[in-house]
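Residue numbers start at 1 and run along the sequence shown. Quick caveat, the model's predicted, so the values are computed rather than measured.
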Amino acid sequence: MATTGAADLLARRTARCFSPPVLPVTAGCAVSWHATWPRPDGLVWGLTAVVCGAVGVLVMAFGVRRGWWSDLDVSRHAERPLPLACASAGAALVWLTCRHLGAPHELLVAAALAPVGGTAFLLCTRFGKVSLHTCAAAGSIALLVLSVDPLCALLAPVAAVVGWSRVRLGAHTRAQVWAGGLLGACLTVAVLFTAR
């Protein structure tokens with residue numbers, strides 16, 4: 001019984017630590033730093049990614065507090081369209097602003113993943129429930145592999161642990177976790193190769 005409790009606690013902490021905004025924002029900061037080093041504007045664009053991620057989390061927390069959705073993970077399928085649509089629109093606005101302000105091409109390509117991925121995820125939600133956690137994890141790792149260093153592929157177990165946590169918590173089936181991971185990785189590869 002103690003083992004089961006420890007596994008559940010690990011699953012909850014993994015899901016919270018690697019919630020959807022965390023890895024994409026971290027990957028965005030890494031791409032920004034890699035694309036602009038040693039210029040100081042890499043820090044500015046990295047901080048922009050952090051602020052955008054923080055605003056998204058605050059909006060989600062506000063929605064939970066107001067009762068618009070049940071939790072930060074938007075676990076209930078019926079609740080997902082509104083926050084996903086808002087997140088996609090917000091990400092598109094951030095992308096347009098960064099483009100207007102002269103963000104580096106590599107960062108703009110990475111930032112395009114947010115509105116494109118949000119829209120694709122929103123379309124998938126119409127047909128079934130897909131894991132946003134594994135979508136974000138797999139997409140972030142693919143972004144790091146293709147934009148920063150191929151050795152970032154060593155982070156693949158992170159996506160696997162995130163997927164395990166979602167199944168363990170009963171939030172998703174294995175098929176939903178695999179679907180999220182494939183969506184995130186394939187979409188990232190498609191966007192990066194299209195933009196080159």
Side-chain angles (χ1 to χ4, degrees), residues 4-29 46-98 110-141 143 158-181 183-184 187-188:
T4 302
D8 289 343
L9 179 62
L10 177 62
R12 279 194 299 275
R13 289 191 175 162
T14 299
R16 187 61 58 221
C17 288
F18 296 107
S19 64
V22 174
L23 286 175
V25 168
T26 304
C29 289
L47 288 174
T48 301
V50 171
V51 170
C52 292
V55 168
V57 171
L58 289 174
V59 168
M60 293 302 295
F62 180 75
V64 170
R65 192 171 175 87
R66 299 285 296 181
W68 296 341
W69 34 84
S70 56
D71 56 40
L72 286 174
D73 296 330
V74 196
S75 301
R76 295 182 183 156
H77 183 258
E79 294 176 348
R80 287 185 160 198
L82 178 61
L84 284 172
C86 291
S88 298
L93 182 61
V94 167
W95 186 87
L96 288 169
T97 303
C98 288
L113 288 166
V116 170
T119 303
F121 201 84
L122 186 58
L123 290 172
C124 288
T125 297
R126 289 182 56 89
F127 303 104
K129 193 176 177 188
V130 177
S131 172
L132 184 54
H133 279 74
T134 53
C135 182
S140 298
I141 293 166
L143 175 64
V158 171
V161 171
V162 169
W164 165 82
S165 74
R166 302 310 288 155
V167 173
R168 177 75 193 189
L169 294 172
H172 292 286
T173 64
R174 285 186 176 89
Q176 291 167 347
V177 162
W178 276 102
L183 174 65
L187 197 62
T188 300

Tell me if a side-chain donor or acceptor on Lys129 pairs with a main-chain N or O of Ala171 at a distance below 3.5 Å.
yes
Using the ring pair (Phe, Tyr, Trp, His ring centres under 6.0 Å) rule, collect all pairs that involve residues 54-75, keeping only residues at least two apart or in two chains.
Phe62-Trp68
Between Ala112 and Trp95, which heavy-atom pair has the shortest distance, and what is it?
N-CD1, 3.5 Å
Flag side-chain contact, heavy atom, 4.5 Å: Leu10 against Ser165
no
Spacing of OG1 belonging to Thr188 relative to CG belonging to Leu113, to within rounding of 0.5 Å
4.5 Å
Can you find a heavy atom in the side chain of Cys124 that is under 4.5 Å from one in the side chain of Leu183?
yes
Nearest heavy atoms of His172 and Val130, plus distance in Å:
CE1-O, 3.5 Å
Counting N and O atoms only, with roles assigned by atom type, does the side chain of Thr134 sit under 3.5 Å from a partner on the main chain of Val177, one being a donor and the other an acceptor?
yes
Nearest heavy-atom pair of Ala138 and Ala159: which atoms, and what distance?
N-CB, 4.3 Å
Would you give the length of the straight line joining atom CG of Leu187 to atom CG of Leu143, rounded to the nearest 0.5 angstrom?
11.5 Å
What heavy-atom pair brings Arg166 and Ser131 nearest, and what distance separates the two atoms?
CG-OG, 4.0 Å
For the student: nearest non-hydrogen atoms of Asp8 and Arg168, plus distance
OD1-NE, 2.8 Å
Near Trp164 CH2, under 6.0 Å, is it more than 12 heavy atoms from other residues, nucleotides or ligands?
yes
Closest approach of Val158 and Leu23, non-hydrogen atoms and distance?
CG1-CD1, 4.2 Å
